[in-house]
Amino acid sequence: MSIDYYQQHAQRFFDETVTVDMSALHDRFLACLEPEALILDAGCGSGRDALAFLRRGYLVDAFDAASEMAARARALTGLPVKTLRFDEFSAPARYGGIWCCASLLHVAEAELPETFTRLAQALKPGGVWYLSFKRGSGEREQSGRRFTDLTEARLRELIEELDGVTLQDIWLSEDKRPGRHEVWVNGLVRRK
């Protein structure tokens, strides 16, 4: 359902998100990484964040579930952005950082533990994973998209259920898009 939305509205979503200033979140995430680390932008959308990481000297892999979004991210970044869903993702422990900005919120809550496990296993020891969800509880549908909203406590529970990682930080932030007032739950997770 959400993939169909992004297929049909890819250009509008790209236009609304590609120039949003995410530098404060980028800085917080990148401060945890080794220089020139390999970063996975998982659910990359427009490619905005992947491009920002490339410009700061990092190596980047990226994927998105919607082929229309992946195509736009490829055009923006020059990266071979794959079309891939989270339930199709699998990788060895090779990433120094994983970036999941507003992407995991489209995964059903019942599927989050398995998805989290696959992502955590793709981190190198010491690697850091950023993730964000809209603040709230439960699942909902809005304008043709499916959302899983989480509280800080629920995100903490999900992370604590994972083996081999520690929750480094949880904090709230305001939506950076003009005219939007959502509150976001952000987390940083480190592979032991």
CG of L155 to CZ of R135, rounded to nearest 0.5 Å, is 12.0 Å

Is there a side-chain contact between W129 and C100 (heavy atoms, below 4.5 Å)? yes

- Task: Please check if atom CZ in R55 has more than 12 non-hydrogen atoms from other residues, nucleotides or ligands closer than 6.0 Å.
- Result: no

d(L30 CG, S23 OG) to nearest 0.5 Å is 10.5 Å

**Q.** Parallel, tilted or perpendicular, as decided by the 30° and 60° cut-offs, for the rings of F86 and F63
**A.** perpendicular

Determine whether R190 and L123 make a side-chain contact, defined as any pair of heavy atoms from C-beta on separated by less than 4.5 Å.
no

Quiz prompt | Side-chain heavy atoms of F29 within contact of L25, under 4.5 Å | solution = no

| message | Any non-hydrogen side-chain atom of R118 less than 4.5 Å from a side-chain atom of D87? | response | yes

Handout entry: Contact check, side chains of W184 and D175, non-hydrogen atoms, under 4.5 Å
Key = yes

What one should report as the nearest heavy-atom pair of A122 and I98 is CB-CD1, 4.0 Å

For atom CD of E182, decide whether the heavy atoms of other residues, nucleotides or ligands shown that lie under 6.0 angstrom number more than 12. yes

Does L119 belong to the same Ile/Leu/Val/Met/Phe/Trp/Tyr cluster as L105, with side-chain heavy atoms less than 4.5 Å apart forming each link?
yes

d(E139 CD, L150 CG) to nearest 0.5 Å is 9.5 Å

### Task
May I ask you to decide if E68's main-chain N or O and Q7's side chain share a donor-acceptor pair within less than 3.5 Å?
yes

Smallest heavy-atom separation, R140 atom then D149 atom, equals NE-OD2, 2.5 Å

Only one of L162, D163, L167 passes side chain to side chain contact (heavy atoms under 4.5 Å, CB included) with V165, and that residue is L162

| said: Is there a path of hydrophobic side-chain contacts, each under 4.5 Å between heavy atoms of I/L/V/M/F/W/Y residues, joining I159 to W171? | reply: no

Practice problem: Check whether any side-chain heavy atom of V185 lies under 4.5 Å from a side-chain heavy atom of R154, and answer yes or no. | Solution: no

* Asked: How about H9 and F13: are their ring centres within less than 6.0 Å of each other?
  -> no

Inset, instruction - Apply side-chain contact (heavy atoms from CB on, under 4.5 Å) to L104 and F116, showing your working. - result: CA-CA 9 Å; L104 288 165; F116 280 18; 3.9 Å; yes

On a heavy-atom basis, the closest approach of M69 and S46 is CE-N, 3.6 Å

- Query: Quick one: do D64 and R72 make a salt bridge, cutoff under 4.0 Å?
  - Reply: no

Between R74 (side chain only) and V81 (backbone N and O only), is there a donor and an acceptor less than 3.5 Å apart? yes

Show, in sequence, the C-alpha distance, side-chain angles and deciding distance for R85 and I3, and conclude whether the side-chain contact (heavy atoms from CB on, under 4.5 Å) test is met. CA-CA 9 Å; R85 295 187 321 259; I3 294 172; 3.6 Å; yes

Quiz item: Heavy atoms, side chains only, cut-off 4.5 Å: are F53 and L33 in contact?
Solution: no

All heavy atoms of A50 vs all of L79, minimum pair found to be CB-CD1, 4.1 Å

Working note: L158 + F133, criterion side-chain contact (heavy atoms from CB on, under 4.5 Å); need CA distance, chi angles, decisive distance, verdict. CA-CA 13 Å; L158 287 164; F133 289 83; 6.0 Å; no

- prompt: Are Y58 and L51 grouped together when hydrophobic residues (ILVMFWY) are joined by side-chain heavy atoms under 4.5 angstrom apart?
  reply: no

field: Same apolar cluster (I L V M F W Y, side chains within < 4.5 Å links), L76/L40
entry: no

- Query: Within a radius of less than 6.0 Å around NZ of K134, do more than 12 heavy atoms belonging to other residues, nucleotides or ligands occur?
  - Reply: yes

d(M22 CE, T17 OG1) to nearest 0.5 Å is 9.5 Å

Looking only at heavy atoms, the pair that brings S103 and A42 closest together is OG-O, 2.8 Å

Rounding to 0.5 Å, atoms CD (E141) and OH (Y5) come to a distance of 12.0 Å

Here the gap from D61 atom CG to Y95 atom OH, rounded to the nearest 0.5 Å, amounts to 3.5 Å

In terms of heavy-atom contacts, E161 and P113 come closest through OE1-CG, 4.4 Å

inquiry  = Would you say that H106 contacts Y6 through its side chain, given a criterion of any heavy-atom pair below 4.5 Å between the two side chains?
reply    = yes

If hydrophobic clusters are built by linking Ile, Leu, Val, Met, Phe, Trp and Tyr wherever their side-chain heavy atoms come under 4.5 Å apart, do V128 and F89 end up in the same one?
no

Discussion item. Walk me through whether D21 and K176 qualify under side-chain contact (heavy atoms from CB on, under 4.5 Å).
Written reply: CA-CA 7 Å; D21 180 8; K176 299 289 185 192; over 6 Å; no

